[in-house]
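Here the structure comes first, spelled out in structure tokens, and everything after it is commentary.
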Amino acid sequence: MIMSMYNIVCVTNRKLCNGDFLERIEEIAKCQPKAIILREKDISEQAYEALAIQVLDICKQYDVRCILHSFVDVAIRLQADAIHVPLPILRNMRQEQKEKCNIIGASCHTVEEAKEAEQCGCTYITAGHIFVTDCKKGVPARGLDFLKAVCESVSIPVYAIGGISGENIQSVCMAGAESGCVMSGLMQCSDVADFMEDFKK
């Protein structure tokens, strides 16, 4: 049984990572986050599969949920039961593909997208970006009112993304979200364990 110690989901980005990527994944996994989403969309399916095998193995060692991203066929081949996809990929997923995944997530940026994702069989969604973030430079944040509207529009868990920190995670949860997702903070912080303390349950 997967037991998370910290109320946060890690989203990976090799390009932002300080130091060795797999070592960073292991440092994060040791801290027992809710999950690690392996979001590396800039590589080929073959390269992603090779990386996913290694990350899944690390996550298994520490009993942390690993959610693969975008590459549905890779998830099925590796018998990974969790996948996160952009909405266009979700729309094209076949029923037999969905049936092989116990967990299906999608990225949503409007209330309408959130409703559609739920109707398409998602077990959770991410909504964002909620706060100003360097990952979306120059793009206005959607804010907590948007997050609350999304949470009220669906019956599945919502995870906020975009500028999530230990300082605002409580406001995110008060808006109705299950929790939040962090990318750059966990990829770049000097001490993962210290960074994660702000998200302790």
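The analysis underlying the following values was restricted to heavy atoms, covering all of them including side chains, and did not include hydrogens, waters or symmetry mates.
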* Asked: So, are Glu45 and Arg77 salt-bridged, with charged N and O less than 4.0 Å apart?
  -> yes
* **Glu40 with Lys15: basic N within carboxylate O range, under 4.0 Å** => no
* Are a donor atom and an acceptor atom from the side chains of Asp73 and Gln97 found within less than 3.5 Å of each other? -> yes
* Asked: For residues Tyr48 and His69, is any side-chain donor paired with an opposing acceptor at under 3.5 Å?
  -> no
Is it the case that over 12 heavy atoms from other parts of the model lie below 6.0 angstrom from the [atom1] atom of [X]?
| X | atom1 | value |
| --- | --- | --- |
| Gln79 | CD | no |
| Glu96 | CD | yes |
| Lys148 | NZ | no |
| Asp145 | CG | no |

Using 0.5 Å steps for rounding, measure from the [atom1] atom of [X] to the [atom2] atom of [Y].
| X | Y | atom1 | atom2 | answer |
| --- | --- | --- | --- | --- |
| Met174 | Cys151 | CE | SG | 13.0 Å |
| Cys173 | Leu147 | SG | CG | 9.0 Å |
| Ile8 | Cys181 | CD1 | SG | 7.0 Å |
| Cys10 | Ile36 | SG | CD1 | 5.5 Å |

How far apart are the closest heavy atoms of [X] and [Y], and which atoms are they?
| X | Y | value |
| --- | --- | --- |
| Leu68 | Ala80 | CD1-CB, 3.9 Å |
| Val150 | Ala114 | CG1-CB, 3.8 Å |
| Ser184 | Leu16 | CB-CD1, 3.9 Å |
| Arg142 | His109 | NE-O, 3.1 Å |

* Working for salt bridge (charged side-chain N to carboxylate O under 4.0 Å, His left out), residues Asp81 and Arg65 -> CA-CA 10 Å; Asp81 67 348; Arg65 170 75 65 189; 2.9 Å; yes
* To do: Check each of Val74, Ile67, Leu56, Leu51 against Leu38 using the side chain to side chain contact (heavy atoms under 4.5 Å, CB included) test, and report the only one that passes.
  => Leu51
* **Chi angles and distances behind the side chain to side chain contact (heavy atoms under 4.5 Å, CB included) call for Glu27, Lys30** => CA-CA 5 Å; Glu27 289 176 19; Lys30 283 179 181 177; 5.6 Å; no
* Could you walk me through whether Ile125 and Tyr159 pass the side chain to side chain contact (heavy atoms under 4.5 Å, CB included) test, one step at a time? => CA-CA 6 Å; Ile125 60 170; Tyr159 291 82; over 6 Å; no
* To do: Just say parallel, tilted or perpendicular for the rings of Tyr124 and His84, cut-offs at 30° and 60°.
  => tilted
